[in-house]
Amino acid sequence: MADDLRRSVEAWRSQRYAALRSPIGWLTLVGLDWLAEGENRLGADAANAVVLPAGPAFAGTVTLRDGVATATAGPSGALLIDGAPAAGATLVSDADATDERPPTTLEVEDLRLRLIRRGAHNDRFAIRSWDTAAPARAAFTGIDHWPVDPRWAIEASFEPAPHGTTIPVPDVLGDILPMPSPGTVRFDVAGVACELQAVEGGADGELWLIFADATSGTETYAGGRFLYTEPPRSDGAVTVDFNRAYNPPCVFSPYATCPLPPDGNRLAVRIEAGERTYPADPRHRTGHAPPP
């Protein structure tokens with residue numbers, strides 16, 4: 001059982017590292033610029049509304065009108081969509097994307113740009129920028145973590161919430177987001193009763209736990225960690241495997257817009273499982289080197 005768990009967690013970790021190393025991932029995120037209504041100029045010149053870390057002084061514009069954003073390349077033709085200069089194309093944001101209609105990706109040399117929507121009412125628009133040649137991507141070798149331990153794959157009970165329940169979830173931008181909550185997860189840690197309010201984690205009923213614990217701010221990130229579970233079983237039981245607790249995107253880039261633990265999701269106990277701080281704090285290293 002312990003070997004099966006270790007192999008399962010290591011396979012999950014390998015997939016996580018692959019995602020972090022992707023050209024458009026948290027290690028390459030280098031910019032976040034909020035859009036105003038009307039025309040927003042993009043480029044490396046500091047006078048632009050969207051200041052890019054590379055590329056021409058003026059690359060093009062993104063125009064926002066009544067919640068619809070369009071992109072147009074400047075005279076240099078440097079702002080591309082699918083390899084061709086943007087010519088008034090309507091941008092699909094991350095909040096509006098589907099499997100059939102992915103978010104629009106703009107290109108400026110090594111940079112990749114996408115439109116995002118944020119805020120309690122999803123009514124704030126920004127351009128997020130990635131640098132596919134970011135040094136952090138090439139330098140990444142893994143994240144320090146506790147060794148996999150079956151004792152942290154805890155059998156918990158799930159108490160469903162009434163249909164339509166939402167909970168207020170703060171984020172690093174200072175917004176309070178009303179997020180749908182399917183219910184509460186309850187479990188014990190060393191004889192201490194604990195509970196976490198879950199938010200929706202997937203189309204099949206998976207749970208997303210946004211939590212902090214007594215290691216937060218020392219061994220682990222002060223803003224808490226994330227954890228997904230499988231859907232609760234028919235008897236209300238659910239496995240909460242803290243070996244898969246992981247750092248939120250804000251650990252890797254100041255341009256992420258992470259949610260923070262909601263009220264009640266700050267545990268008084270130490271969860272000595274999952275990912276530690278990144279980069280690793282040498283005061284807390286276990287001697288366990290994560291695989292590259």
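Note: hydrogens, waters and symmetry copies are ignored here, and every other heavy atom, side chains too, is used. Numbering of residues begins at 1 and proceeds along the displayed sequence. Please read these numbers as outputs of a predicted model, since none were measured by experiment.
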Is T72 reaching over with its side chain to a backbone N or O of G88, donor-acceptor style, under 3.5 angstrom? yes
Report the hydrophobic cluster partners of I154, with the cluster defined as I, L, V, M, F, W, Y residues connected by side-chain heavy atoms closer than 4.5 angstrom, directly or transitively. W152, F158, V185, F187, V189, V192, L196, L207, L209, F211, L227, V238, V240, F242, L267, V269, I271
Okay, side chain of T28, backbone of P23: is any donor-acceptor separation there less than 3.5 Å? yes
Just do the side-chain contact (heavy atoms from CB on, under 4.5 Å) check on R114 and I24 with the steps written out, would you? CA-CA 10 Å; R114 285 179 178 172; I24 299 180; 3.6 Å; yes
Are side-chain heavy atoms of L106 and I81 found at a separation under 4.5 Å? yes
Do V51 and V108 share a hydrophobic cluster, counting only Ile, Leu, Val, Met, Phe, Trp and Tyr and linking them when any side-chain heavy atoms are less than 4.5 Å apart? no
So, are R233 and E155 salt-bridged, with charged N and O less than 4.0 Å apart? yes
I'd like to know if the side chain of R225 reaches the main chain of E275, judged simply by a donor and an acceptor atom lying under 3.5 Å from each other, with no hydrogens or angles considered. yes
Okay, side chain of N48, backbone of A57: is any donor-acceptor separation there less than 3.5 Å? yes
For D263, is the CG atom crowded, meaning more than 12 foreign heavy atoms sit under 6.0 Å from it? no
Separation between CZ (R128) and CG (L115), nearest 0.5 Å, reads 11.0 Å
Under 4.5 Å between side-chain heavy atoms, counting indirect links through other Ile/Leu/Val/Met/Phe/Trp/Tyr residues: same cluster for V30 and L32 or not? no
Could you tell me if T220 and T215 have a donor-acceptor pair between their side chains, going purely by distance under 3.5 Å? yes
Please check if the side chain of R41 supplies one atom and the backbone of F58 the other of a donor-acceptor pair under 3.5 Å. no
Check whether any side-chain heavy atom of W12 sits under 4.5 Å from a side-chain heavy atom of Y17, and report yes or no. no
Measure the spacing between CG of L20 and CZ of R13 and express it to the nearest 0.5 Å. 12.0 Å
Test your reading of the model: is there a side-chain donor-acceptor pair from R276 to the backbone of A273, 3.5 Å cut-off? no
Ignoring hydrogens and angles, tell me if any N or O in the side chain of T61 forms a donor-acceptor pair with the backbone of T63 under 3.5 Å. no
What closest approach, in Å, do A133 and D110 show between heavy atoms, and which atom pair accounts for it? CB-OD2, 3.7 Å
Hey, is CG on D4 packed in by over 12 heavy atoms from elsewhere, all under 6.0 Å? yes
Between CD of E39 and OG1 of T70, what distance do you get to the nearest 0.5 Å? 9.0 Å
Side chains of L52 and D33 in contact at under 4.5 Å (non-hydrogen atoms): no
If I compare all heavy atoms of P178 with all of A120, which pair ends up nearest, and what's the gap? CD-O, 4.0 Å
Note: G201 and Y228 closest approach over all heavy atoms is O-CE2, 3.4 Å
Could you tell me the separation between the CD atom of E10 and the CG atom of L5, rounded to the nearest 0.5 Å? 9.5 Å
Spell out, as yes or no, whether a donor-acceptor pair under 3.5 Å connects the side chain of N40 to the backbone of V62. yes
Heavy-atom side-chain contact between V169 and I176 under 4.5 Å: no
May I ask you to test the L80-P85 pair for a side-chain heavy-atom distance under 4.5 Å? yes
Is the shortest heavy-atom distance from the side chain of W26 to the side chain of S253 under 4.5 Å? no
Cut-off 3.5 Å, side chains only: do T257 and R118 have a donor facing an acceptor? yes
Note: S181 and I167 closest approach over all heavy atoms is CB-CG2, 3.8 Å
Strictly distance-based, threshold 3.5 Å: is any side-chain N or O of T239 a donor or acceptor partner for the main-chain N or O of D241? no
For a 4.5 angstrom cut-off between non-hydrogen side-chain atoms, does I143 reach F252? yes
Student check: side-chain heavy atoms of S129 and L111 closer than 4.5 Å: no
Distance check, rounded to the nearest 0.5 Å: C194 atom SG versus N265 atom CG? 11.0 Å
Verify whether one side chain among R244 and T229 offers a donor that lies under 3.5 Å from an acceptor in the other. no
So with a 6.0 Å cut-off around CZ of R151, is the heavy-atom count from everything else above 12? no
Is a side-chain donor or acceptor of S14 paired with a backbone partner of A11 at a separation under 3.5 angstrom? no
Test side-chain contact (heavy atoms from CB on, under 4.5 Å) on V251 and T277; report intermediate values, then the result. CA-CA 8 Å; V251 167; T277 54; over 6 Å; no
Start with the C-alpha distance between L177 and D171, add both sets of side-chain angles, then the distance that settles side-chain contact (heavy atoms from CB on, under 4.5 Å), and finish with yes or no. CA-CA 7 Å; L177 312 174; D171 69 15; 3.9 Å; yes
Rounding to 0.5 Å, atoms CD1 (I116) and OH (Y255) come to a distance of 13.0 Å
Output yes when R6 and D149 qualify as a salt bridge under the 4.0 Å nitrogen-oxygen rule, no when they do not. no
Given salt bridge (charged side-chain N to carboxylate O under 4.0 Å, His left out), test R266 with D213 step by step and report yes or no. CA-CA 5 Å; R266 295 185 176 274; D213 65 273; over 6 Å; no
Correct closest heavy-atom pair for T90 and V68 would be CG2-CG1, 3.9 Å
Mind jotting down which residue pairs meet the side-chain hydrogen bond (donor to acceptor under 3.5 Å, both in side chains) criterion with at least one end in residues 191-210? Sequence neighbours excluded, please. R186-E195
Of all heavy-atom pairs linking G224 and S216, the shortest is CA-OG, 4.4 Å
Take D144 and Y278 through the test side-chain contact (heavy atoms from CB on, under 4.5 Å) and record every step on the way to the result. CA-CA 7 Å; D144 191 27; Y278 178 86; over 6 Å; no
Could you tell me whether D175 and R124 have a side-chain N and a carboxylate O separated by less than 4.0 Å? yes
